[in-house]
Amino acid sequence: MVELERQLKIIQKNTVEILPERELIEKLKSSLKKKKPLRVKYGIDPTGAEIHLGHTVPIRKLKDFQDLGHKIIFLVGDFTARIGDPTGRNETRPILSKPQIEENLRGYKQQIRKILNLKKTEFRYNSEWLAKLKLEELLKLSSNFTIARILERDDFFLRYKSGKPIFMQEFLYPLMQGYDSVVLNSDIELGATEQKFNLLAGRTLQEVLGKEPQVIITVPILEGTDGKKKMSKSFHNYIGINEKPEEIYGKLMSIPDSLMKKYFHLLTELSEREIFKLLKNPLLAKKRLAASIVENYYEKRKAEKAEKHFETIFQKRKVPEEMPVLQLKRENLKEGKIWIVRLLCLTKLTTSHNDARRLILQKAVSLNGEIITNPDLEIELKEESILKLGKRHFIKLKTT
RNA sequence: GGGUAGGUACCGAAACGGUUAAACGGAGCAGACUGUAAAUCUGCCGGCGAUGCCUUUGGAGGUUCGAAUCCUCCCCUGCCCA
């Protein structure tokens, strides 16, 4: 195992808070002495969400722990998913079936294996104990919290103030998350800053129930591609790690410059000094950022290809080497012709005929390099043509 | 349980019997400008082979030539009283 000072330094990097830091040091010391790894808990929802770069911030931190020889425990909130973490604006969620949860989790693992060594990782489901929890026990747990305390939580407070509903079950969420820590005997629990309250609930309950309280570590929340709101699927500002290299690269290039520094620190291995140097040239810096993040999830070759692709399409405004191909069936053609609006819908580039019309009128559509302006146009297709929508959507059409 | 204010498109929010797919803002999309950035400007932002037609303002009925707007019942939420 790695010596204390170095461990501490690695752990501290890119965190917002470590509470209480002194306890962390104690835990590390005793772990070294007994040669016993610390148990690091991280909670996830089995809702089948795509993992995006925002999620990778805590997961990368978990990797630090894993590399230091500690034990990572993923707490799968299959029971708590019924409530939905009140963080953010969610409504009550549908109850997931067991097979559904299994499938979601497979998808989850498939994604995080790009970051963590899954063989050394433990997965636990909280229905294992929460489903069995008796009302009596729940009462006992809840007697450790007051409404005022829970209402302090920022998102509850805001909702309450603005007259939005808060349901009883939501108040129970931090409690249950805290109870998970009790059962799992976690030494450390990790989460984004918005999780602070829930993480602290774990400390409280562990202490009350006679266990050594966990240390909580919070990591920053990552803003999405818009540079304002936190990265989230519902804000459409996310970059999924399963997306194609070109997509990841392109989306990263579109983030505001002001975000680059944070992205570099939280999502790449580059050193402070390298980052500082790079940032002097924003364009190059961003390209480097995009490339190195793509490399985290794909081979280097793919990252280079993504960069080329970007340069071709956006910097040179040329047609990319590769693009999706659509084979047009004969029944779609009338005397060898097809209505442009219909064609766009067939390619799924547009969602409706109106959508297609609009885009044509806005000069967003071109065929073989020529902008189409007439939405009533019947076009005659050659064996092979290239249809372009907006700046970045290309489709190769074949008629043979 | 009683009182009261509400439920409008992805979100926030106007309109409160008749120039109407429903002001305005945000998000999104397209175009211009760029470093595909940001900022800014412009346009679009329910559907239909379409100078017209169809479906929309919590749900179901009703009044009316005409309803998001009025009435009845139901569902949901905030606040106050208990």
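Just so it is clear: chains get the letters A, B, ... in the order the sequence lines come, proteins before strands, and each one is counted from 1.
For B:A50, the base has a donor-acceptor partner in the side chain of A:R357 [N/O atoms by modelled type, under 3.5 angstrom]. Scanning atom types as modelled, one donor and one acceptor separated by under 3.5 angstrom connect the side chain of A:N354 and the base of B:A50. Judged by atom type and distance alone, A:Q362 reaches the base of B:G43 through a side-chain donor-acceptor pair under 3.5 Å.
When only modelled atom types and interatomic distance are considered, A:K114 and A:N242 share a side-chain donor-acceptor pair under 3.5 Å. A donor-acceptor pair shorter than 3.5 Å can be found between the side chains of A:Q214 and A:S186. With no hydrogens or angles considered, no side-chain donor-acceptor pair links A:H55 and A:Q111 at under 3.5 Å.
Across the protein-nucleic acid pair, A:R358 atom CZ and B:C29 atom P stand 14 Å apart, rounded to whole Å. Note: CZ (A:R342) to P (B:C48) measures 13 Å, nearest angstrom. When rounded to the nearest whole Å, the span between NZ of A:K164 and C1' of B:G12 equals 9 Å. Protein atom CG of A:L283 is 9 Å distant from nucleotide atom P of B:G35, rounded to whole Å. A straight line from CG of A:L279 to P of B:G35 spans 19 Å, rounded to a whole angstrom. One can place CG of A:L252 at 15 Å from C1' of B:G35, the figure rounded to the nearest angstrom. Between the C1' atom of B:G26 and the NZ atom of A:K229 lies a distance of 7 Å, rounded to the nearest Å. Counting to the nearest Å, the C1' atom of B:C11 and the CG atom of A:N237 are 14 Å from each other.
When each of A:K363 and A:Q315 is assigned the nucleotide of RNA chain B with its nearest heavy atom, A:K363 is the one assigned upstream, toward the 5' end. Nearest-nucleotide mapping onto RNA chain B: of A:Y249 and A:H393, the residue sitting toward the 5' end is A:H393.
Under the Watson-Crick and G-U wobble criteria, each requiring two contacts below 3.5 Å, nucleotide B:C70 is paired to B:G62. Under the Watson-Crick or G-U wobble criterion, with both distances below 3.5 Å, B:A9 is left unpaired in every strand shown. The partner of B:A30 is B:U42, by the rule that a Watson-Crick or G-U pair needs both atom distances under 3.5 Å. Across all strands shown, B:U4 forms a Watson-Crick or G-U wobble pair with B:G78, both key distances being under 3.5 Å.
Closest contact between the side chain of A:P282 and the listed nucleotides B:G49, B:C79, B:G35 involves B:G35. Listed candidates were B:U77, B:A50, B:C29. Nearest to the side chain of A:F167 is B:U77. For A:P256, the listed nucleotide lying nearest its side chain is B:A38; candidates were B:A38, B:G49, B:G35.
Rounded to whole Å, the separation between the C1' atoms of B:A15 and B:G25 comes to 16 Å. A gap of 13 Å separates the P atoms of B:G46 and B:C24, to the nearest Å. Taking atom P on both nucleotides, B:G17 is separated from B:G7 by 15 Å, rounded to a whole Å. Spacing between B:A13 and B:G52 at atom P, rounded to whole Å, works out to 35 Å. Rounded to the nearest Å, the gap between the C1' atom of B:U56 and that of B:G43 is 24 Å. On the P atoms, B:C53 is 28 Å away from B:C70, given to the nearest whole Å. Distance check on atom C1': B:C16 versus B:G6 gives 14 Å, rounded to whole Å. Comparing the same atom, P, in B:A67 and in B:G58 gives a spacing of 15 Å after rounding to whole Å.
For B:G28, neither phosphate oxygen OP1 nor OP2 lies less than 4.0 angstrom from any side-chain nitrogen or oxygen of A:H236. Taking side-chain N and O atoms only, A:R317 has no distance below 4.0 Å to OP1 or OP2 of B:G35. Remark: A:S352 is in phosphate contact with B:C48, judged by side-chain N or O atoms under 4.0 Å from OP1 or OP2.
At a threshold of 4.0 angstrom between heavy atoms, the contacts of A:E311 with the nucleic acid are absent. Across all strands, A:P165 comes closer than 4.0 Å only to sugar-phosphate atoms, never to a base (heavy-atom distances). Nucleic acid contact for A:K286: base, since at least one base atom lies under 4.0 Å from a heavy atom of the residue. Using a 4.0 Å heavy-atom cutoff across all strands shown, A:K228 reaches sugar-phosphate atoms only and no base atom. Using a 4.0 Å heavy-atom cutoff across all strands shown, A:L389 reaches no nucleic acid atom at all. At a threshold of 4.0 angstrom between heavy atoms, the contacts of A:D376 include nucleobase atoms, whether or not backbone atoms are also involved.
A pairwise comparison of heavy atoms in A:H353 and A:C345 identifies CD2-SG, 3.3 Å as the closest pair.
Not one N or O on the side chain of A:E189 forms a donor-acceptor pair closer than 3.5 Å with the backbone of A:K41. Of the possible polar contacts, none joining the A:K286 side chain to the A:P256 backbone as a donor-acceptor pair under 3.5 Å is found. At least one donor-acceptor pair under 3.5 Å links the side chain of A:S31 to the backbone N or O of A:K36.
Taking 4.0 Å as the cut-off between side-chain N and carboxylate O, A:E3 and A:K9 do not count as a salt-bridged pair.
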